[in-house]
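Please read the structure below before turning to the comments.
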Amino acid sequence: METEPDTTEPEAEEPTEPEAGEPTPEGPGRVRRLLNKPWASRSLTVVACVTVFVALLYPNILRRISVGSFARIPIEAAFIILLLIVLPRRPRITVASILGVLLGWLVVEKSLDMGFFRTLARPFDPVLDWSLFGDAYNFVNETYGGLAAWAAIIGAILLGLSAPAFVTWAMLRVSAFLTRHRRRSALTATGIAAAWMLTFALGIQLTAEVPLAARTSATYAWDRIWQAREGMKNEAEFAAEVNNDPYRDVPADQLLTGLHGKDFVLTFIESYGRNAVEAPEFAESTGAVLTDGDNKLKAAGFSARSGWLTSPTFGGSSWLAHSTLLSGLWINNQSRYRNLNASQRLTLTKAFKTANWDTVAMMPGNSRPWPESVFYGYNRVWDSRNLGYQGPKFGWASMPDQYTLTRFNELEYSKPGRQPLMVEMPLLSTHTPWAPIPSSIPWEQVGDGSVYTAQAAAAASKADIWSSSKKVRKEYGKSVVYTLSTLIDWIQRYGDDNLVLVFLGDHQPSSVVSGEDASHDVPITIVAKDPAVLDRIDSWGWTESLKPATTAPVWQMSDFRDKFLTAYGPDGAH
């Protein structure tokens with residue numbers, strides 16, 4: 001678009017007063033006089049045109065922000081120009097304002113997508129994901145402090161308000177400019193449409209992923225409308241799915257008969273994904289720990305079987321994985337999670353409780369009441385408020401995994417005369433930001449955790465680690481080695497003949513560690529001393545090791561509950 005004044009006769013219907021987005025010629029003030037100068041007015045118009053152009057082509061994936069992404073032809077520009085030049089003044093201002101707000105909101109939503117893709121490997125869901133901002137605030141606050149959390153809130157609010165406001169101003173100014181130059185604007189729109197159709201028909205691309213003919217905003221907006229519609233449809237379907245439970249009415253004496261007298265410990269290892277086992281930069285160190293662990297546990301009389309599960313989440317939202325495994329339903333968003341917790345679904349925990357196990361949750365990451373524990377069926381919950389830890393925090397984790405396991409021994413596992421236990425116990429030392437990372441110490445020295453003060457003080461800081469993605473990945477690998485080593489050592493040292501322990505990842509680590517195209521797969525392992533326990537899952541085809549083979553079966557995480565209840569029920573006996 002040209003910025004010099006048109007010499008043609010003004011249109012008859014044009015008002016004489018300035019439109020929205022244009023400076024008024026009269027009025028006091030040095031700023032206003034400056035803005036009324038021709039060069040200033042033209043500069044603002046150029047800024048407005050560039051703003052609208054950039055907003056139309058703004059990508060929603062961080063790696064696509066490049067000069068090439070903005071060297072494209074947006075078909076929406078042709079439609080906007082034609083629409084604005086045919087409308088009378090007042091409807092034109094209204095339409096331009098609405099378009100500005102919508103386009104500005106798309107910029108905000110695409111920016112949110114960038115963060116979600118980077119962390120959770122999926123786009124932001126404008127219907128279901130608002131509740132995650134509270135969890136994001138808690139994570140930043142607990143990891144980086146209150147100042148950083150408030151800075152993040154202020155930044156998010158400023159982005160949410162300023163982007164629609166600025167794009168609306170730009171759209172109004174562009175609208176006023178277009179109507180002063182209707183003929184040239186119509187020719188420009190025609191040229192944009194013709195160039196777009198030609199490049200689209202010829203399939204001309206700037207790169208393999210970026211066609212020259214862009215439909216960025218229109219396609220994105222349609223996708224989001226469709227996503228909202230599918231979300232509502234999915235919610236209605238889930239209401240029926242949650243009530244279709246083949247194990248709901250199974251009598252207590254028919255549940256988990258193959259595990260009578262055993263202690264069942266379910267351990268989620270935070271961010272323990274397939275990449276931790278198979279990616280070249282982690283495979284050697286993790287593989288060494290698992291191979292050494294096989295030897296140690298075999299010497300202690302234990303055996304293991306391992307496979308793969310596909311998690312419903314990636315990079316975070318661990319509670320979705322926990323609820324998926326325990327409920328036997330695919331819980332991949334917050335709406336499904338809320339609806340599940342309002343249902344009477346038989347969880348794995350409830351099945352153990354019904355069959356007369358004592359159900360316990362060891363939740364070192366929880367710092368507030370956890371009402372969901374009633375739905376899952378826990379008799380007791382131990383968390384950061386009552387585990388007695390007196391040491392420093394290690395990143396997001398409130399306490400090292402070795403401390404959590406030590407307190408589990410003291411509070412539950414070593415108690416004389418107790419019932420068989422069913423325990424869920426997440427281990428969190430592998431949680432982002434992977435700094436600082438604790439080191440193993442003699443178990444008898446763990447005490448109240450104050451012994452870790454010197455470790456935390458001497459460890460690398462988060463600021464140093466996060467200055468380089470290479471450093472982040474290195475520290476992630478170290479955290480996995482720490483947690484796996486600690487857990488294997490605990491089994492070897494304290495596990496008795498009745499221990500049945502399942503450990504698995506909740507999800508892959510964020511994209512900064514796992515890359516852009518990583519799967520959602522996580523390892524899962526069952527460890528037991530009694531051969532009869534593992535004999536029941538021979539048909540699963542799992543690897544006889546702590547490390548699952550690449551070719552080991554891959555199940556949806558939601559399949560585990562029913563397969564487990566079948567294998568350890570009366571029909572699973574050999």
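Computed from a prediction, not measured in an experiment: that's the story for all the values here. Numbering starts at 1 and runs along the sequence shown.
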Point to revise | Rounded distance (nearest 0.5 Å) linking atom CD1 of Ile331 with atom CG of Leu325 | key: 11.5 Å
Practice item. Sequence neighbours left out, what passes side-chain hydrogen bond (donor to acceptor under 3.5 Å, both in side chains) with Thr430? Give chain and number order. Key: none
**Study point:** Short side-chain donor-acceptor distance under 3.5 Å, Thr550 and Glu278
**Key:** yes
Review point. Would you find a donor on one side and an acceptor on the other, under 3.5 Å apart, between the side chain of Ser285 and the backbone of Phe282?
Key: yes
Check your understanding: Phe314 and Ser511: which non-hydrogen atoms are nearest, and at how many Å?
Key -> CE2-OG, 3.9 Å
Point to revise | Under 3.5 Å donor-acceptor, Trp434 side chain and Gly477 backbone | key: no
Practice item. Using modelled atom types only, decide if a donor and an acceptor are shared between the side chain of Gln508 and the backbone of Ser519 within a distance under 3.5 Å. Key: yes
Review point. Say you draw a straight line from OG of Ser311 to CG of Leu504; how long is it, rounded to the nearest 0.5 Å?
Key: 9.0 Å
Review point. If we only count heavy atoms from C-beta on, is the Pro74 to Phe53 side-chain gap below 4.5 Å?
Key: yes
Review point. Which pair of non-hydrogen atoms, one from Leu320 and one from Pro312, has the smallest distance, and what is that distance?
Key: O-CG, 3.8 Å
Check your understanding: Hey, is Glu241 close enough to Arg336 for a salt bridge, meaning N to O under 4.0 Å?
Key -> yes
Check your understanding: Minimum heavy-atom separation for Gly395 to Pro433, with atom names?
Key -> CA-CD, 4.1 Å
**Study point:** Any donor-acceptor N or O pair under 3.5 Å, side chains Ser327, Arg561
**Key:** no
**Study point:** Considering all heavy atoms, the nearest Met171-Ala96 contact
**Key:** CG-O, 3.2 Å
**Study point:** Tyr58 OH to Glu109 CD distance, which is reported to the nearest 0.5 Å
**Key:** 12.0 Å
Practice item. Take Asn332 and Thr313 through the test side chain to side chain contact (heavy atoms under 4.5 Å, CB included) and record every step on the way to the result. Key: CA-CA 6 Å; Asn332 63 339; Thr313 186; over 6 Å; no
**Study point:** From CA spacing to verdict: side chain to side chain contact (heavy atoms under 4.5 Å, CB included), Val522, Tyr272
**Key:** CA-CA 7 Å; Val522 298; Tyr272 177 46; over 6 Å; no
Point to revise | Test applied, salt bridge (Lys or Arg N to Asp or Glu O under 4.0 Å); reference residue, Glu475; option that passes from Lys478, Lys471, Arg473 | key: Lys478
Point to revise | Distance in Å, Thr432 OG1 paired with Tyr476 OH, rounded so as to fall on 0.5 Å steps | key: 11.0 Å
**Study point:** Atom of Pro509, atom of Val513 and distance for their closest heavy-atom approach
**Key:** CG-CG1, 3.6 Å
Point to revise | Stepwise side chain to side chain contact (heavy atoms under 4.5 Å, CB included) check, Ile85 with His181 | key: CA-CA 9 Å; Ile85 64 177; His181 308 282; over 6 Å; no
Exercise for review: Flag the pair Val472 / Trp466 as yes when at least one side-chain heavy-atom distance between them is below 4.5 Å, and no otherwise.
Suggested key: yes
Practice item. Look only at the side chain of Arg345 and the backbone of Asn244, and say whether a donor-acceptor pair between them is shorter than 3.5 Å. Key: yes
Check your understanding: How about Ser318 and Glu270: does a side-chain donor come under 3.5 Å of a side-chain acceptor?
Key -> yes
Point to revise | Sequence-distant partners of Val101, side-chain contact (heavy atoms from CB on, under 4.5 Å), two or more places apart | key: Thr168
Review point. Can you tell me if Ser175 uses its side chain to pair, donor with acceptor, with the backbone of Leu84 under 3.5 Å?
Key: no
**Study point:** Check: Pro364 and Ser384 side chains under 4.5 Å, non-hydrogen atoms
**Key:** no
Practice item. Examine the side chains of Trp319 and Gln334 and answer whether a donor and an acceptor come within less than 3.5 Å of each other. Key: yes
Point to revise | Listed partners of Thr310 passing side-chain contact (heavy atoms from CB on, under 4.5 Å), at least two apart | key: Trp330, His520, Asp521, Val554, Gln556
Exercise for review: Report yes if some heavy atom in the side chain of Pro59 is under 4.5 Å from a heavy atom in the side chain of Phe70; otherwise report no.
Suggested key: yes
Point to revise | Aromatic ring pairing His322/Phe268, orientation class (parallel under 30°, perpendicular over 60°, tilted between) | key: parallel
Practice item. Take Ser271 and His431 through the test side chain to side chain contact (heavy atoms under 4.5 Å, CB included) and record every step on the way to the result. Key: CA-CA 6 Å; Ser271 300; His431 197 292; 5.7 Å; no
Practice item. Please examine the side chains of Ser429 and Ser479, heavy atoms only from C-beta on, and report whether any two atoms are closer than 4.5 Å. Key: no
**Study point:** Residue pair Val277 / Trp308, side-chain heavy-atom distance below 4.5 Å
**Key:** yes
Check your understanding: Does Thr324 use its side chain to pair, donor to acceptor, with the backbone of Met557 at less than 3.5 Å?
Key -> no
Check your understanding: Is Trp396 close to Leu428 at the side-chain level, that is, under 4.5 Å between some pair of heavy atoms?
Key -> yes
Point to revise | Backbone of Ser335 reached by a side-chain donor or acceptor of Asn333 within 3.5 Å | key: yes
Point to revise | Expected output: side-chain Ser323 to main-chain Tyr337 donor-acceptor under 3.5 Å | key: no
Check your understanding: To the nearest 0.5 Å, what is the distance between CD1 (Ile269) and CG (Leu427)?
Key -> 6.0 Å
Check your understanding: Any donor and acceptor pair, going by atom type alone, linking the side chain of Thr179 with main-chain N or O of Ala176 inside 3.5 Å?
Key -> yes
Exercise for review: Any chance you could measure Thr188, atom OG1, to Ile81, atom CD1, to the nearest 0.5 Å?
Suggested key: 6.0 Å
Exercise for review: State, to 0.1 Å, how close Pro164 and Val108 come at their nearest heavy-atom pair, and which atoms those are.
Suggested key: CD-CG2, 4.0 Å
Check your understanding: Any donor-acceptor pair under 3.5 Å linking the side chain of Ser185 with the backbone of Leu178?
Key -> yes
Practice item. Check whether any side-chain heavy atom of Ile93 sits under 4.5 Å from a side-chain heavy atom of Ser97, and report yes or no. Key: yes
